[in-house]
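A quick write-up on the structure given underneath.
Note that these values count all heavy atoms, side chains included, but never hydrogens, waters or copies made by symmetry.
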Amino acid sequence: MSKNLTQLLALLPGAQVSGEAAQKIEGITADSRKVAPGTLFVCLPGARVDGHNFIAQAHKLGAVAAVVEKDVPVPAGMTLIKVADSREAMQAVVPFFYDYPGRKMRMIGVTGTNGKTTTTHLIRSIFMEAGYKVGLIGTIHILIGDRMLPVQNTTPDVVDLQSTLAKMADEGIDYVIMEVSSHALELGRTAGCEFDVGVFTNLTQDHLDFHITFDKYRDAKAKLFRQLGNELSVKEGKHAVINTDDASAQALIDNCSCPVLTYGTGETDTIKAQDITIKADGARFTVHGPFGLMPLQLKITGMFNVYNTLAAIGTALAEGISASLVKKALEEFRTVAGRFELVDEGQPFAVIVDYAHTPDGLENILKTAQQFAENRIIVVFGCGGDRDKTKRPIMGRLAAQYGDVIIATSDNPRTEDPVAILADIEAGIRQGLKDGKGYEVIIDRKQAIAKALQLAEPQDIVIIAGKGHETYQILKDKTIDFDDREVARSVIREMR
């Protein structure tokens, strides 16, 4: 795939060009390590690294032109394109370079604090059951049909995303189902994507280190819904699917100019769940919708998964998939990696690994465990470093409120001191701790998991929360292999 530089410059009115404009561009990147001959290198200023400092390196690797927003020295023979904002320039030219692949497929965007991963996988299972070829982009992986690719961020940057979408379009994908994070919406990573269905799961405290206020966090999510059916759309049939049991629902509905399908437990919802039974081995409930009644018996459990399922049903309804296919796909669906995932090595107590890393996520899984707990709930969890500090004491209080034994430990401390992170969590634990309950602070996560499993008695439930599917732990000076599920399995085997 290639474009003439003059074609790209036409998308950047006001750009100042120094050097030859009539040359072929074979690729675009903001990462100097990914430069190849014929590349347009976009210099992005960052908090830690400034791309403007890597122009010479990019030129040496074959970059023929660079987009800049600062006055910088230019290597001989390199074309310089100066713009007011390099990031906005990249968002304008990259989708065009890849021929706007998001316009060639139906695109479903799922946003919200919790539930995005499970919801996207539920939607994928429905659309595959309906015979469509499906691509998925999310926290755990990228799937092109059944082929798996690794992923760096929940939503990739604009270059990686458009490149991935182009691959999907070339391989005949019908539907792309995508987790859309608030960071991606705020930073323009989804530029050039034309979504056909926008799905809202819920909004609870998270990422306030980035958004600063909850209102700004909600407004970032609202950007997805403002895109649906705007003047740039070339596809028809837009819908929003919104959880009205969430307090932010109306604010998001107010941003919609397309038909809205609502879901929840209210009488006025388009799709509503009633007669709900939550058990350890699954959830049973009846869905009321335009299709009539749909009794469901799921292999996944928890009230949060009832909501995730309703979101998937709403999406299928928006895209005209029959209720019989929806029911079949949902009842055959099994867990997503690291989402309320059971670790079973024949031990006499339950071990559940979950990605819950927000107050709402942790509360959801603990409430679910309470619904079928026959004995104690033992909670192992931590909070990530270099992230929203305000949620740490809240999560500590919730663990103490719902758990019987609490072990606070490291998550991904990153550059922060784990002791300081745990002190924030411990303040919340002490607030919520009731008589007869105990807690420990164990910095080493492997030791913390081992202690929880050694304390477990028959019929206990051990919840290991925070990292879920992750197979690594990010420490101050290194990243190590670490998988909560494998650590738990190993410890249980050693206990025999």
Are the charged groups of E186 and K216 less than 4.0 angstrom apart, N to O? no
4.5 Å side-chain heavy-atom contact, D360 and T113: no
Would you give the length of the straight line joining atom CZ of R397 to atom CG of L362, rounded to the nearest 0.5 angstrom? 10.5 Å
Would you find a donor on one side and an acceptor on the other, under 3.5 Å apart, between the side chain of T120 and the backbone of M178? no
Minimum heavy-atom distance L310-K272, with the two atoms named: CD2-C, 4.3 Å
Any side-chain heavy-atom pair from T286 and H288 closer than 4.5 angstrom? yes
Considering only heavy atoms from C-beta outward, does the side chain of D388 approach that of K391 to under 4.5 Å? yes
Steps toward side chain to side chain contact (heavy atoms under 4.5 Å, CB included) verdict (I142, M168): CA-CA 10 Å; I142 293 170; M168 290 181 172; 3.9 Å; yes
Assess whether side chain to side chain contact (heavy atoms under 4.5 Å, CB included) is satisfied between I463 and V380, documenting all intermediate values. CA-CA 6 Å; I463 303 279; V380 183; over 6 Å; no
Taking all atoms of both residues into account, what is the closest heavy-atom pair of V241 and Y263, and its distance? CG1-CD2, 3.7 Å
If you measure from the Lys or Arg side-chain nitrogens to the Asp or Glu carboxylate oxygens, is any gap between D31 and R33 under 4.0 Å? yes
So, Q162 side chain and A191 main chain: donor-acceptor pair closer than 3.5 Å or not? yes
Short side-chain donor-acceptor distance under 3.5 Å, N114 and T358: yes
Would you call K167 and E171 a salt bridge, taking side-chain N to carboxylate O under 4.0 Å as the test? no
Student check: side-chain heavy atoms of T29 and V42 closer than 4.5 Å: no
is_close_aromatic(F127, Y175), centroid dist under 6.0 Å: yes
Show, in sequence, the C-alpha distance, side-chain angles and deciding distance for D404 and R376, and conclude whether the salt bridge (charged side-chain N to carboxylate O under 4.0 Å, His left out) test is met. CA-CA 6 Å; D404 297 294; R376 301 177 304 169; over 6 Å; no
Is any side-chain heavy atom of S163 closer than 4.5 Å to a side-chain heavy atom of Y98? yes
Going from CD on E331 to OG on S125, what distance comes out if it is rounded to the nearest 0.5 angstrom? 11.5 Å
Tell me, with the steps shown, if L122 and F333 meet side chain to side chain contact (heavy atoms under 4.5 Å, CB included). CA-CA 7 Å; L122 285 164; F333 183 84; 3.4 Å; yes
Which pair of non-hydrogen atoms, one from H239 and one from L228, has the smallest distance, and what is that distance? O-CD1, 3.6 Å
Could you walk me through whether V176 and I108 pass side chain to side chain contact (heavy atoms under 4.5 Å, CB included), step by step? CA-CA 6 Å; V176 178; I108 297 165; over 6 Å; no
Side chains of N202 and Y307: do they bring a donor and an acceptor to under 3.5 Å? no
Judged by modelled atom types alone, do T139 and E179 share a side-chain donor-acceptor pair under 3.5 Å? yes
What is the minimum heavy-atom distance between Q227 and C193, and which atoms define it? OE1-O, 3.9 Å
Take N308 and N305 through the side-chain hydrogen bond (donor to acceptor under 3.5 Å, both in side chains) test and state the conclusion after the steps. CA-CA 5 Å; N308 294 337; N305 275 324; 3.1 Å; yes
Any sub-3.5 Å donor-acceptor pair from K116's side-chain atoms to G112's backbone N or O? yes
Which residues pass the ring pair (Phe, Tyr, Trp, His ring centres under 6.0 Å) test with H121, not counting sequence neighbours? H141
Check whether the side chains of N412 and E470 place a donor and an acceptor atom closer than 3.5 Å, and report yes or no. yes
Rounded to the nearest 0.5 Å, what's the gap from OG1 on T190 to CG on D157? Could you check? 12.0 Å
Any side-chain heavy-atom pair of D275 and T277 under 4.5 Å: no
Please determine whether salt bridge (charged side-chain N to carboxylate O under 4.0 Å, His left out) holds for the pair R485 and D483, giving the CA-CA distance in whole Å, both sets of side-chain angles, and the decisive distance to 0.1 Å. CA-CA 5 Å; R485 298 159 298 183; D483 186 324; 3.0 Å; yes
Lys/Arg-Asp/Glu bridge criterion (N-O < 4.0 Å) met for R106, D196: yes
R284 side chain to Q297 main-chain N or O, any donor-acceptor pair under 3.5 Å? no
Please round to the nearest 0.5 Å and tell me the distance separating atom CG of L453 and atom CG of L455. 9.0 Å
Please name the pair of heavy atoms, one in L398 and one in P359, separated by the smallest distance, quoted to 0.1 Å. CD1-O, 3.3 Å
T479 side chain vs L475 backbone, donor-acceptor pair below 3.5 Å: no
Ignoring hydrogens and geometry beyond distance, is a side-chain donor-acceptor pair present between Y402 and Q370 at under 3.5 Å? no
Is there a donor-acceptor contact under 3.5 Å from the side chain of D354 to the main chain of A356? yes
Considering non-hydrogen atoms only, spot the tightest contact between G198 and L224 and give its length. CA-CD2, 4.1 Å
Ignoring hydrogens and angles, tell me if any N or O in the side chain of S324 forms a donor-acceptor pair with the backbone of K328 under 3.5 Å. no
Regarding D246 and N243, do their side chains bring together a donor and an acceptor under 3.5 Å, going by distance alone? no
Under a plain distance cut-off of 3.5 Å, with no hydrogens placed, do T415 and K476 share a side-chain donor-acceptor pair? no
When rounded to the nearest 0.5 angstrom, what is the spacing between CG in L422 and CD1 in I442? 10.5 Å
What residue pairs, at least two apart or across chains, pass ring pair (Phe, Tyr, Trp, His ring centres under 6.0 Å) with a residue in residues 365-384? none
For D146 and R124, run salt bridge (charged side-chain N to carboxylate O under 4.0 Å, His left out): C-alpha distance rounded to whole Å, both residues' side-chain angles, the deciding distance at 0.1 Å, then the answer. CA-CA 11 Å; D146 290 322; R124 175 178 180 265; 3.1 Å; yes
Once rounded to the nearest 0.5 Å, what's the spacing between atom CG of D484 and atom NZ of K446? 12.0 Å
Please answer whether the main-chain N or O of V180 pairs with a side-chain N or O of T111 as donor and acceptor at a distance below 3.5 Å. yes
Whether the side chain of D444 engages the backbone of Q447 through a donor-acceptor N/O pair (distance < 3.5 Å, no angle test) should be reported. yes
Taking D160 first and then K34, would you say they form a salt bridge - that is, a charged N and a carboxylate O separated by under 4.0 Å? yes
What I'd like to find out is whether the side chain of Y439 reaches to under 4.5 Å of the side chain of V405, using heavy atoms alone. no
Stepwise salt bridge (charged side-chain N to carboxylate O under 4.0 Å, His left out) check, R392 with E416: CA-CA 13 Å; R392 295 171 186 171; E416 276 197 76; 2.6 Å; yes
State, with a plain yes or no, whether a side-chain heavy atom of E341 is found less than 4.5 Å away from one of H469. no
Tell me if a side-chain donor or acceptor on Q347 pairs with a main-chain N or O of F349 at a distance below 3.5 Å. yes
